[in-house]
Amino acid sequence: MSPARPQDAARRHDPARAYDIANLIDGQLVPGGGAAADPARDPSTGVVLAEVPRSSPEDVDRAVAAARRAFPGWRALSPGERAAHLNALADALQQDLKAFAEIESRNAGKPIAAVPDEIDYCVDNIRFLAGAARNLQAPAAGEYVTGATSFVRREPVGVVGAIAPWNYPLMMAVWKFAPALAGGCTVVLKPSELTPLSTLRLAALAADLLPPGVLNIVTGDGPVGAQLAAHPDVAMVSVTGSVATGRKVAAAAAPGLKRLHLELGGKAPVVVLDDADVEALAAALRATSFGNAGQDCTAACRVIATPGVYGRVVEALTAAAASLRTGPTDDPTCELGPLISPAQRARVAGFVERAVAAGASVTTGGTVPDGPGAYYPATVVIGPDQDAEIVQQEVFGPVVTVQMAPDRERALEMAADVPYGLAASVWTADAGFALRAAAELRFGAVWVNDHITGCSEMPHGGFGQSGYGRDLSGYALDHYCEPRHVMVRW
Ligand code: NAD
């Protein structure tokens with residue numbers, strides 16, 4: 001089975017069409033057959049870009065059946081052959097980068113200048129995972145029992161139900177399907193009902209580049225995802241989303257004892273000691289607290305500073321937040337776009353209002369602007385208590401809290417004192433303390449003098465209410481490929 005050339009992808013994706021809105025089921029592009037449709041909007045204006053028909057229960061059944069039929073043939077390909085298909089998809093994505101960037105910017109409200117890097121990262125993620133599946137690790141074959149040879153086989157788990165969120169629509173889709181397909185699984189993927197358009201354009205490319213049924217894409221909202229999660233022919237469910245959704249998916253998967261991969265929320269602490277480089281910190285937080293309008297599960301949203309640096313941190317962070325340029329998302333100078341929806345903005349504003357009512361102060365931002373779109377300013381809230389909801393719960397907006405810790409030991413305790421465990425950073429020149437903090441903070445990623453920087457080779461995932469399982473890296477493949485023992489008695 002030789003992979004199609006990327007230029008063949010133009011056959012089904014019509015460049016004259018603004019948006020592709022068809023499901024991909026068994027290699028065919030077919031509109032969802034549900035009774036309702038979900039409007040895909042531009043959050044910067046509220047304008048409906050496309051009405052996306054919701055999938056019917058029969059669509060989901062057909063997609064799962066197609067994935068099931070495709071599984072034996074796909075898993076029988078060599079890892080190199082599967083990688084060739086995935087690399088062809090990566091090439092097509094790269095060739096179509098500008099169009100994907102524009103769609104992602106419009107549908108997810110992202111500043112246009114920020115999106116090409118996201119798409120490039122998706123291309124790199126696919127290529128890395130395609131290659132990593134050619135190099136699965138296991139103990140050496142050998143005689144671990146006298147007179148018998150043992151070895152390990154790594155087997156794909158089967159059909160994967162993959163459910164993605166709205167904040168990085170294409171990237172989260174890639175993080176789900178790339179390791180699963182590379183490892184030999186087949187996939188039914190559901191994008192968020194709020195931001196399906198980039199994933200549906202990918203469906204139009206994949207229709208020509210992957211064998212039928214290997215990757216199926218179905219539109220729809222929570223109930224469509226719930227049907228997928230509970231489907232008896234789905235062996236594993238992989239979801240990135242909120243903690244509430246993760247719990248529901250875990251409950252739906254329990255009767256079938258399905259494998260689960262849950263990438264949920266975060267509440268990343270940023271521990272700043274007296275000897276930190278405040279200028280570097282402010283530059284990093286400008287990008288990583290407010291990038292994607294703070295709608296990032298690893299966003300640097302909870303600064304904890306020791307007394308000798310607290311004042312300088314507040315001043316530098318306030319100036320950095322106030323300097324962000326906002327505006328229409330198609331303006332290349334825009335740095336801070338809108339939130340995903342007016343409902344999300346009301347939620348974010350509510351957190352800030354309640355924090356202020358409880359005694360915290362706002363040094364910049366904090367007011368809902370007039371005008372169209374779900375814009376909310378970069379906001380710094382100082383002095384909330386450790387048990388305040390704005391410290392304990394995920395806000396998912398451009399809002400950073402700053403707290404003072406009496407000393408560095410208490411700073412570490414405050415950092416750890418949340419239900420989440422996804423990402424953290426420590427800012428200090430003391431290498432010994434940094435290493436101890438990295439060891440003691442039970443977060444899936446800990447950065448020292450940096451925040452958020454990731455790469456395809458390193459794992460991403462959480463502890464506690466942030467879920468379990470890992471995206472990216474060779475560890476992602478572990479979830480989709482079960483190890484098996486084969487023993488041959490001599
Ligand atoms: P969400 O939980 O509302 O939705 C996520 C997806 O789940 C959507 O596709 C939705 O349609 C689907 N869904 C909703 N109810 C479902 C159900 N009962 N069964 C199956 N599927 C269902 O999340 P969101 O608002 O789209 O995304 C924001 C959340 O995602 C935030 O909490 C954020 O922290 C989290 N997130 C986590 C990571 C990570 O890697 N840990 C990355 C990005 C986003």
Side-chain angles (χ1 to χ4, degrees), residues 32 34 36 38 40 43 52 54-55 60 107-109 118 125 161-176 188-196 198-200 217-231 234 237-254 258 260-268 291-299 301 339-341 343-345 347-348 351 393-397 418-423 443-445 452 454 458-473 475-476:
D38 293 300
V52 180
R54 211 174 272 170
S55 300
V60 174
N107 191 191
E118 277 183 32
N125 299 156
I163 298 169
W166 49 256
N167 58 340
Y168 292 96
L170 188 70
M171 196 192 300
M172 295 301 102
V174 165
W175 288 15
K176 304 265 153 246
V188 179
L189 167 71
K190 189 195 84 62
S192 165
E193 62 275 29
L194 298 176
T195 54
S198 54
T199 306
L200 294 180
I217 295 177
V218 292
T219 53
D221 57 354
V224 178
Q227 187 198 348
L228 185 57
H231 201 290
V234 168
V237 189
S238 177
V239 59
T240 297
S242 60
V243 176
T245 298
R247 289 197 187 114
K248 286 184 204 157
V249 167
K258 296 176 198 298
L260 277 177
H261 177 187
L262 301 177
E263 292 284 355
L264 309 177
K267 193 73 203 173
N292 215 40
Q295 300 165 117
D296 187 311
C297 50
T298 55
C301 59
L339 296 172
I340 191 67
S341 64
Q344 179 69 7
R345 177 170 69 176
R347 186 174 171 276
V348 169
F351 270 105
Q393 292 177 31
E394 188 179 49
V395 174
F396 225 54
V418 287
Y420 297 99
L422 191 61
F443 291 77
I452 255 179
M458 289 291 137
H460 168 89
F463 286 78
Q465 297 298 297
S466 296
Y468 43 82
R470 294 293 178 266
D471 283 317
L472 299 181
S473 77
Y475 295 105

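Values below: every heavy atom of this structure, side chains too, minus hydrogens, waters and symmetry copies. Indexing begins at 1, ligand by ligand and atom by atom, following the structure's order.
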Gln295 side chain to Asn292 main-chain N or O, any donor-acceptor pair under 3.5 Å?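 Yes, because the side chain of Gln295 sits within donor-acceptor range (under 3.5 Å) of the backbone of Asn292.
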Closer than 3.5 angstrom, by distance alone: can the side chain of Gln344 be matched with the main-chain N or O of Phe396 as a donor-acceptor pair?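 A pair under 3.5 Å: yes.
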Residue pair Lys190, Thr219: steps toward the side chain to side chain donor-acceptor pair (under 3.5 Å) verdict: CA-CA 6 Å; Lys190 189 195 84 62; Thr219 53; over 6 Å; no
For Tyr475, I'd like to know if atom OH has over 12 heavy atoms of other residues, nucleotides or ligands within 6.0 Å.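 No.
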If you round to the nearest 0.5 Å, how far is NE2 of His261 from OH of Tyr468?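 So the gap between those two atoms works out to 10.0 Å.
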Restricting to ring pair (Phe, Tyr, Trp, His ring centres under 6.0 Å), what partner residues turn up for His460, sequence neighbours left out?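 Scan of His460 (ring pair (Phe, Tyr, Trp, His ring centres under 6.0 Å), adjacent residues dropped) gives Trp175.
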Amino acids in close contact with ligand 1, where any non-hydrogen atom sits under 4.0 angstrom away: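 Correct list: Ile163, Ala164, Pro165, Trp166, Asn167, Met172, Lys190, Pro191, Ser192, Glu193, Asp221, Gly222, Gly225, Ala226, Thr240, Gly241, Ser242, Thr245, Lys248, Val249, Glu263, Leu264, Gly265, Cys297, Glu394, Phe396, Leu422, His460.
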